[in-house]
Amino acid sequence: MILNIAAAAATKASDGPSATDILLTEGVVLLGAAVLFVLLFRRFGLGAVLGYLVAGALVGPQGLGLVGGAESKLAIAEIGIVLLLFLVGLELNPARLWRLKRDIFALGLAQVVLCGLALMTIIFFTTGFTWGAAIALGLPLALSSTAQVLPALKSSGRINSPFGEKAFSILLFQDLSIVPLITIIAALSRNPTDAAGPPGLLLAGYTIAAIAGLVLAGRFILRPLLRLVGGLGERELFVVVGLFTVLAAAALMHSLHLSTALGAFVAGVMLADSPYRHEIESDVEPFRSILLGLFFLAVGMVLDLRAVAANPIFVIGMAAILVATKAGIVALLARLFGMEWKQAIGIGLLLSQGGEFGFVLFAQAQNAYLIAPQAGSLFSAIVTVSMATTPFLMLFARRLEFAPSKDGSDLPGPDEAPRGNAIIVGYGRFGQTVAQMLMGHGFGVTLIDKKPTQIELSSKFDMNVSYGDGTRIDLLRRAGGDEAKLIAFCIDDPSLDAKLLQPIAEAFPQAALFVRAFDRRQVLALADMDLAGVVREVFESAVCMGVQAMEALGVPEAEVAEVERQYRESDGRRFDLQLEHGNLVAAKELMFRPGKGMRLLSRGDGEET
């Protein structure tokens with residue numbers, strides 16, 4: 001029998017490479033090309049998205065032919081778009097959404113509608129496409145690249161500036177508008193299988209019922225589940241719960257012939273005001289980054305390079321029209337919404353490119369028989385070329401953003417400081433006092449704690465504390481670490497040492513780091529770091545009680561003050577000697593002991609006993 005199995009395996013091997021062989025080989029080729037081109041494009045400031053697209057085009061069927069099955073890979077990689085919409089939903093904290101409502105729902109709506117109509121009209125009158133095709137091509141071009149613009153704003157610390165919030169608001173509405181745009185393309189579809197789907201009214205009913213079901217599930221199932229997982233302290237379970245939430249919401253929408261992106265977005269909104277938002281965002285982000293990178297690789301693979309090579313003037317010319325049209329319309333709208341002309345032109349240049357959702361909508365249009373595959377490839381190439389202009393336009397946009405107005409009225413004042421000047425990690429009895437004092441001076445403070453009970457208790461006092469492990473760099477970045485001026489670790493954790501804190505200090509060099517130390521051992525372990533401050537958690541309170549105890553025993557006020565002074569001085573000298581010798585027992589003779597107190601230390605003869 002063993003010989004038969006071996007013979008069968010040998011026969012199978014001789015038939016050709018197995019699925020595992022193909023998967024491993026293509027995986028190595030794709031990831032290798034991605035690493036090479038993303039590094040190269042990053043080095044020249046062109047962004048990761050273009051690197052992925054070029055890598056996919058090079059190794060795909062239209063290039064060197066090293067990797068096949070582009071359509072199947074694209075179908076899997078679209079989960080990256082689903083995860084992106086989930087993370088967009090997580091950004092929609094109700095308070096921030098309400099504060100930006102005018103920019104999101106007025107400026108954002110005007111931008112999508114006016115840019116979409118203008119580009120649709122240009123395509124119809126310059127290309128000879130039908131109105132249906134012009135709509136399916138023009139409306140997606142109104143969307144900009146969230147994957148390019150938002151990371152650039154975050155990395156430069158401008159996401160919370162007035163300029164950054166305007167850009168964020170427009171991008172947010174663009175991301176929301178993908179759902180109605182998909183609906184419009186479906187309504188124009190000439191595909192018989194699409195026509196066999198549910199009627200429009202029934203589809204609308206499904207949509208409302210599904211959203212209501214997701215909201216109820218989030219409130220009565222998901223939040224208690226997250227509370228339970230948070231109590232267990234298992235990080236792996238958070239990853240599982242986060243991915244389960246996204247995929248379950250997307251699967252529900254898919255089963256009802258609705259947009260999977262809509263399901264993921266609703267799932268994100270359900271958790272936007274949850275204390276577990278930062279933890280889930282940090283856990284899901286790596287999967288989003290990998291799958292979104294695979295998505296761009298697959299888009300590059302399906303590009304019909306022959307069609308692009310046959311029409312280079314059309315691709316370059318239409319890309320230039322796209323950039324100019326969007327930059328002009330966005331700048332005009334931004335000016336109408338109160339921005340100075342220089343900043344308005346800057347935001348127009350920043351959002352002038354086509355976006356990644358255009359690739360998704362072009363694929364939808366092909367499936368709906370509204371455009372031919374060659375047209376999809378041409379306009380995907382147009383979006384790609386427009387993305388290539390973005391890094392250069394961003395440099396110019398940044399100069400315009402910081403150009404002052406004539407009267408100086410747009411310069412930020414003290415009361416307009418970005419939210420989250422400080423991050424407090426640990427909102428227990430120690431962190432509460434630090435946070436309260438900072439808030440008392442008007443500083444914006446982001447609070448993080450990993451104890452669900454503490455978070456729930458704090459919510460009763462109207463304190464918004466986010467759940468998460470504040471020693472993780474990715475979570476601190478999600479919480480605004482790149483913009484924070486101060487990060488204070490107020491957690492009761494003796495294991496917090498230089499090995500753990502040094503990467504944080506390197507990741508956020510602009511932030512002053514403060515640490516609550518458990519005891520002298522921990523202070524000594526942190527001595528080699530350039531920290532803004534280290535505070536032994538009970539030192540000051542113990543000194544305070546010692547002072548009160550001496551006063552209660554009738555010690556004169558002057559002697560009480562002298563004992564306190566000498567104790568602080570001897571404690572500091574002990575610490576220096578302990579650090580020098582690397583031994584906690586060093587300089588034990590400097591401790592006050594029975595019969596060896598203040599009088600012995602104040603003899604003035606220079607001896608230490």
Side-chain angles (χ1 to χ4, degrees), residues 226-233 235 273-279 419-472 475-476 479-481 484-498 500-501 504-505 508 511-527 529 531-552 564 567-568 571 575:
L226 288 171
R227 192 179 303 118
L228 176 62
V229 172
L232 295 175
R235 180 186 172 188
D273 60 346
S274 164
Y276 308 100
R277 177 173 73 89
H278 288 307
E279 185 79 4
R419 294 172 294 105
N421 304 76
I423 296 176
I424 304 296
V425 179
Y427 194 62
R429 64 186 188 277
F430 195 101
Q432 289 171 16
T433 299
V434 178
Q436 290 287 310
M437 294 182 72
L438 291 175
M439 292 176 185
H441 196 278
F443 288 111
V445 179
T446 300
L447 304 173
I448 301 174
D449 202 298
K450 61 180 181 180
K451 295 180 180 178
T453 53
Q454 184 64 49
I455 293 170
E456 292 181 7
L457 178 62
S458 301
S459 66
K460 296 179 180 179
F461 296 89
D462 298 325
M463 299 302 296
N464 183 18
V465 183
S466 296
Y467 177 87
D469 182 357
T471 62
R472 288 172 50 187
L475 189 136
L476 287 172
K485 297 178 181 178
L486 179 146
I487 302 176
F489 294 92
C490 301
I491 51 179
D492 184 7
D493 185 2
S495 66
L496 199 63
D497 56 12
L500 187 61
L501 288 175
I504 296 175
F508 309 107
L513 298 189
F514 286 82
V515 179
R516 165 195 178 182
F518 179 75
D519 56 14
R520 297 182 75 89
R521 293 181 181 86
Q522 190 172 6
V523 177
L524 290 170
L526 296 169
M529 283 198 65
L531 298 172
V534 180
V535 178
R536 282 156 58 190
E537 60 178 16
V538 297
F539 181 78
E540 292 297 333
S541 58
V543 169
C544 182
M545 180 174 283
V547 168
Q548 293 178 1
M550 285 189 291
E551 291 173 347
E564 179 183 356
Y567 174 73
R568 290 181 182 275
D571 187 79
F575 180 81

Checking I448, L476, L501, I491 against T471 for side-chain contact (heavy atoms from CB on, under 4.5 Å), the one that qualifies is I491
For A511 and A484 the tightest heavy-atom approach is CB-O, 3.5 Å
The single option from V465, L447, I487 that satisfies side-chain contact (heavy atoms from CB on, under 4.5 Å) with I424 is L447
When you look at CZ of R568, are more than 12 heavy atoms from neighbouring residues, nucleotides or ligands closer to it than 6.0 Å? yes
Closest non-hydrogen atoms of Y427 and Q432, given as atom of the first, atom of the second and distance, are O-NE2, 3.3 Å
Is there a side chain to side chain contact (heavy atoms under 4.5 Å, CB included) between M463 and V445? Walk through the geometry before answering. CA-CA 11 Å; M463 299 302 296; V445 179; over 6 Å; no
When rounded to the nearest 0.5 Å, the distance separating CD1 of I423 from CG of L513 is 10.0 Å
Item to complete: Check whether any side-chain heavy atom of L486 sits under 4.5 Å from a side-chain heavy atom of F514, and report yes or no.
Response: yes
Minimal heavy-atom distance between V434 and C490, with the atoms involved, is CG2-SG, 4.1 Å
To the nearest 0.5 Å, atom CG of D519 lies from atom CG of L524 at 9.0 Å
Output for pair (D493 CG, F518 CZ), nearest 0.5 Å, gives 10.5 Å
Minimal heavy-atom distance between V534 and A517, with the atoms involved, is CG1-CB, 3.8 Å
Correct closest heavy-atom pair for L500 and L496 would be CD2-CD1, 3.4 Å
Between the OH atom in Y567 and the CZ atom in F539, the distance rounded to the nearest 0.5 Å is 5.0 Å
Heavy-atom closest pair (P494 atom, Q522 atom, distance to 0.1 Å) is CA-OE1, 3.5 Å
